[in-house]
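Below you'll find the structure, written out as structure tokens, and then a few comments.
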There are 2 protein chains.
Amino acid sequence: MSKKKGDKKAKSGKKKELEGLSATDLAPAITQAARSMRTALSRSLGESGLYAGQDGVILILAEEDGMTPGQLAIRLGVKAPTMTRTIGRMEAQGFLERRADGTDGRLTKVHLTEAGLQTVEQIGRSVSECGSIAAKGLSDKEIRTLLKLLKTIEQNLQSEHSDDRG
Amino acid sequence: MSKKKGDKKAKSGKKKELEGLSATDLAPAITQAARSMRTALSRSLGESGLYAGQDGVILILAEEDGMTPGQLAIRLGVKAPTMTRTIGRMEAQGFLERRADGTDGRLTKVHLTEAGLQTVEQIGRSVSECGSIAAKGLSDKEIRTLLKLLKTIEQNLQSEHSDDRG
DNA sequence: CGCGCGGAATTAAATTGTTTATTTAAAGTT
DNA sequence: AACTTTAAATAAACAATTTAATTCCGCGCG
């Protein structure tokens, strides 16, 4: 088991051979960083009675109330079934409520309740604070670079999945 | 519209105020990127009969067999109960097995089975390939920068949690 | 020698997340 | 108008994570 792996054959062929060099560490690195972030955020969010994953729903709804589960799922980058169940829990918790759309019977509109509205500020604070803690010691430029790189790899992974040729 | 911020006009004069500026987007960004990564890795890993989260266990065990659940948890950055459950599943799947430590009755040693050993190469390929896909279009330097930044924010979050003052 | 303390592993309970499959309603086709 | 297709939401099954509580075992102390 050698730590250095230079013998990986590139299946794409004409690309740079250096490509897969450090990329091997990318998946573990981002996984662990995200785990730490999720845990930290979860702790902070706990004060509001929320779980990590629920914060985004409230934040988006605070900006635009009455979105459908599908729209929320797309905005948050999760799958529809995930959103359905999360909404169900949050509804039971009293943070939001579902209402049927009058014109289209297939649609469900999600609305923030009074209790949900009251959490918005605290959530914003938690997310912001969590980001600040994580970014401690990093310059503004570095943060922007990180944000840009994260978006890039996300798009790369998404487009790979959608298999959008032509 | 007036919400637009992030101008480069303000230099490092009062970095304190600028600090939380882009950091607010950090948690959502890394969350989504990690989610995409996890999904992609999960698909690739599926060919080996594994789930995302199990790969690291096998990879570490391939390097050093007979580690305890607690050691594995620390190495992978997860909590002990997570490791217990993952090990349980993987044992049921036949990838590894638990053995009691002869000298210390509290310890459990985890060992790779033959089936587990056979997945090592494929896992390495999956992780590497997944990283390459994610890093498509990024220079080697950018990848290293990303890795460094990820490690930094992870350490920031960890040290925040350990709360070791005094 | 007994008894409590601490560490390691596990169990319990709660939630997010994914994939696959099912229901229901709108839209399109013949 | 009836049938088919599509789209949205949901249900079910699996897995990963976390925190809190429990069990088991070794070890020191009285």
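Order of the sequence lines fixes the chain letters, A, B, ..., with proteins taken first and strands second; residue numbering starts at 1 for each chain.
For the pair B:R35 CZ and D:dT17 C1', the computed distance is 14 Å after rounding to whole Å. In this structure, A:D101 atom CG and D:dT10 atom P are separated by 13 Å, rounded to whole Å. Taking atom CG on A:D104 and atom P on D:dA7, their separation rounds to 13 Å, with Å as the unit. Here D:dA15 presents its C1' atom at 15 Å from CD1 of B:I87, a figure rounded to the nearest Å. To the nearest angstrom, C1' of D:dT17 lies 14 Å from CG of A:L41. Between B:M83 atom CE and D:dA15 atom P there is a gap of 16 Å when expressed in whole angstrom units. At whole-Å resolution of the value, CG in B:L45 and C1' in D:dA15 are 13 Å apart. Straight-line distance from the CG atom of B:D55 to the P atom of D:dA15: 15 Å, rounded to whole Å.
Side-chain contact annotation: B:Q32 with B:R35, donor-acceptor N/O pair under 3.5 Å absent. Between the side chains of A:E64 and A:Q71, not a single donor N or O lies within less than 3.5 Å of an accepting N or O. For the 3.5 Å distance criterion, the side chains of A:S36 and B:E154 fail to qualify, holding no donor opposite an acceptor.
For B:P69, counting side-chain heavy atoms from C-beta on, the closest listed nucleotide (C:dT18, C:dA9, C:dT15) is C:dA9. The side chain of A:R89 approaches C:dT15 more closely than any other nucleotide in the set C:dT10, C:dT15, C:dT19. In the set C:dT19, C:dA9, C:dT16, the nucleotide with an atom closest to the side chain of A:P81 is C:dT19. In the set C:dG17, D:dT19, D:dA16, the nucleotide with an atom closest to the side chain of B:K79 is D:dT19. Candidate nucleotides C:dT19, D:dA9, C:dT10 were compared by shortest atom distance to the side chain of B:R43, and C:dT19 ranks first. When each of D:dT18, C:dG17, C:dT10 is scored by its nearest atom to the side-chain atoms of B:T84, the top-ranked nucleotide is C:dT10. In the set D:dT17, D:dT10, C:dT15, D:dT17 carries the atom at the smallest distance from any side-chain atom of B:R38.
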Derivation of the salt bridge (Lys or Arg N to Asp or Glu O under 4.0 Å) call for A:E97 and A:R99 = CA-CA 7 Å; A:E97 62 181 14; A:R99 292 184 209 153; 2.9 Å; yes
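Closest-nucleotide positions on DNA chain C for A:Q93 and A:T103 were compared, and the one nearer the 5' end corresponds to A:Q93. With the nearest nucleotide of DNA chain C identified for both A:Y51 and A:A80, A:Y51 has the one nearer the 5' end.
Using a 4.5 Å heavy-atom threshold, the side chains of B:L157 and A:T39 count as separate. Here the side chains of B:K151 and B:L147 are not in contact, with every heavy-atom distance at 4.5 Å or above. The side-chain heavy atoms of B:T86 and B:V78, taken from C-beta on, include no pair separated by under 4.5 Å.
Among the atoms of the strands shown, base atoms are found under 4.0 Å from some heavy atom of B:T82. Across all strands, B:S42 comes closer than 4.0 Å to no nucleic acid atom at all (heavy-atom distances).
In this structure, A:Q54 reaches the C:dT16 phosphate: one of its side-chain N or O atoms is under 4.0 Å from OP1 or OP2. The phosphate of C:dT10 (OP1 or OP2) has a side-chain N or O of B:R98 nearer than 4.0 angstrom. Between A:T39 and D:dT17 there is no side-chain polar atom (N or O) within less than 4.0 angstrom of OP1 or OP2.
A heavy-atom distance below 4.0 Å to DNA chain C is reached by these residues of residues 105-115 of chain B, ordered by number: B:R106, B:L107, B:T108.
Under 4.0 Å is where a charged nitrogen must lie from a carboxylate oxygen, and between B:R144 and B:E142 no such pair does.
Evaluation of atom-type donor-acceptor distances gives no pair under 3.5 Å for the side chain of A:R85 against the base of D:dT10.
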